[in-house]
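Here the structure is laid out as structure tokens; the discussion comes afterwards.
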Amino acid sequence: MPQIPQLSLRASRSKRFLFSLSGLLLSTCTQPQSNPSSTSVSKPISLTIPTDRPAFSADSAYAHIQRQLSFGMRIPGTSSHKTTGDWIVATLKRYGASVHEQVGTFKGTPVRNIIGSFGPKEGKRVFLSAHWDSRPFADQDPEKPREPVPGANDGASGVAVLLELARLFSQKPLPYAVDIIFWDAEDLGREGVEDSYCLGSQYWISSPQPYPRESYVWGIHLDMVGARGAAFLQEGYSRKYAPRLVETLWQLAQQLGYGQLFPALPTEPIIDDSYYLSARGGIPVVNIIQRDPLGRSFFPEWHTTRDDMSVIHKPTLQAVGELLVAFLYATTPEQTPPQ
Ligand SMILES: [Zn+2]
């Protein structure tokens, strides 16, 4: 079992860590007012997992990661980024989604958010999301810090799991509205430069959207969900903004036999897309993101040139996918209040 870190000693080398000491929170990006890790967590909602739920395929998700990497680096403004975006749109459409693209410029960077909608147009909705861009510089790589990050786990894994879910939605539609949202320009940030990460989600919050923000009951965000040896701890802002949903998902993981991958342990808040969507967008979001079990980093190849297919482990993709399938087919937005 991983241990709960008392203090993240390597916070200074991380892009998005906060660490807490005697109630004081520091961040490279922003200064929250209170310590979200200390928020008490609600009781989980008990759900019956339907036996007729569709089967998630890690093989399919794995192939989706390979495909994304085959296009090259997904750096905004490049032709390989455009090709990847076009492929994501085509794949969503193939699985029956109505696709809306939010294209523009935010803080001087071209942004292309891709939204695939399933189910009713009216009423309450939920979203599932991941970022689809990759980082232009491997600043955690001691040998090649100026080269781009292939982003097999950091970016492509989340996209792949969601595209496989889209296939399942086309096979067995959910009885409620769900949007799969791929955020662009998440990983262009510079350490210490406030709000330089997560440009796509910041742009979405500040622009007109196909569905009103108030219609989203909750969201689940994925990042780095495909590596060997992953541990998904309960991220601090998720515990603050969607505590009941956190407890429900982690309990469900336990029920499915994935307790080791999803230890019910809190970890520091992280500034990423889910933070902007929750704290600034007003939508409670659960962030499923790999953490070093000691809470000091994400995964060993994070922001290096070694974040390639060799990092990817099908059983991790399978566990995350199965958890989402079990949850999504067991519930409706009305049944699962996030708080
Ligand atoms: Zn990253």
Side-chain angles (χ1 to χ4, degrees), residues 8 10-18 27-30 65 68-69 72-78 80-81 84 107 109 111-113 129-142 144-162 181-203 221-228 230-233 235 237 267-277 285 287-292 295-312 316 320:
S8 179
R10 289 159 70 195
S12 61
R13 57 160 282 202
S14 160
K15 73 175 186 190
R16 294 176 293 188
F17 282 150
L18 305 176
S27 162
T28 55
C29 304
T30 187
I65 302 176
Q68 290 171 79
L69 266 63
M73 306 297 169
R74 286 90 63 211
I75 300 165
T78 63
S80 45
H81 177 269
T84 311
K107 297 186 177 175
T109 298
V111 171
R112 179 186 187 188
N113 292 327
S129 72
H131 77 87
W132 71 276
D133 63 308
S134 62
R135 186 162 178 80
F137 26 81
D139 48 336
Q140 299 296 325
D141 192 321
K144 302 172 186 168
R146 299 209 173 137
E147 288 191 19
V149 177
N153 196 34
D154 189 356
S157 65
V159 172
V161 166
L162 296 185
I181 310 184
F182 295 114
W183 311 112
D184 196 5
E186 189 267 357
D187 227 348
L188 304 175
R190 299 275 185 179
E191 189 164 342
V193 181
E194 191 167 354
D195 295 336
S196 59
Y197 286 94
C198 310
L199 301 180
S201 50
Q202 292 186 59
Y203 178 56
H221 182 68
L222 308 181
D223 198 3
M224 314 185 205
V225 290
R228 191 180 307 278
F232 302 103
L233 281 72
E235 184 268 332
Y237 283 124
T267 190
E268 297 98 330
I270 292 166
I271 305 282
D272 70 357
D273 290 317
S274 61
Y275 163 77
Y276 288 98
L277 297 158
V285 181
N287 189 8
I288 297 180
I289 183 167
Q290 176 175 350
R291 298 301 305 278
D292 177 314
R296 294 180 298 201
S297 183
F298 297 97
F299 62 109
E301 297 81 6
W302 174 67
H303 288 187
T304 72
T305 56
R306 291 173 287 113
D307 179 8
D308 55 23
M309 289 310 294
S310 66
V311 168
I312 301 301
T316 306
V320 173

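When a ligand or atom number is given, it counts from 1 through the structure's own listing order.
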When you compare the side chains of Asp141 and His303, does any donor N or O come within less than 3.5 Å of an acceptor on the partner?
no
With heavy-atom distances below 4.5 Å as the criterion, would you say the side chains of Arg112 and Asp133 are in contact?
no
From Asp187, does some N, O or S atom reach closer than 2.8 Å to the Zn ion (ligand 1)?
yes
Decide, counting backbone as well as side-chain atoms, whether His303 has an N, O or S atom less than 2.8 Å from the Zn ion (ligand 1).
yes
Less than 4.5 Å apart, side chain to side chain, heavy atoms only: is that true for Phe182 and His131?
no
From Asp154, does some N, O or S atom reach closer than 2.8 Å to the Zn ion (ligand 1)?
yes
Would you say that Ile289 contacts Phe232 through its side chain, given a criterion of any heavy-atom pair below 4.5 Å between the two side chains?
no
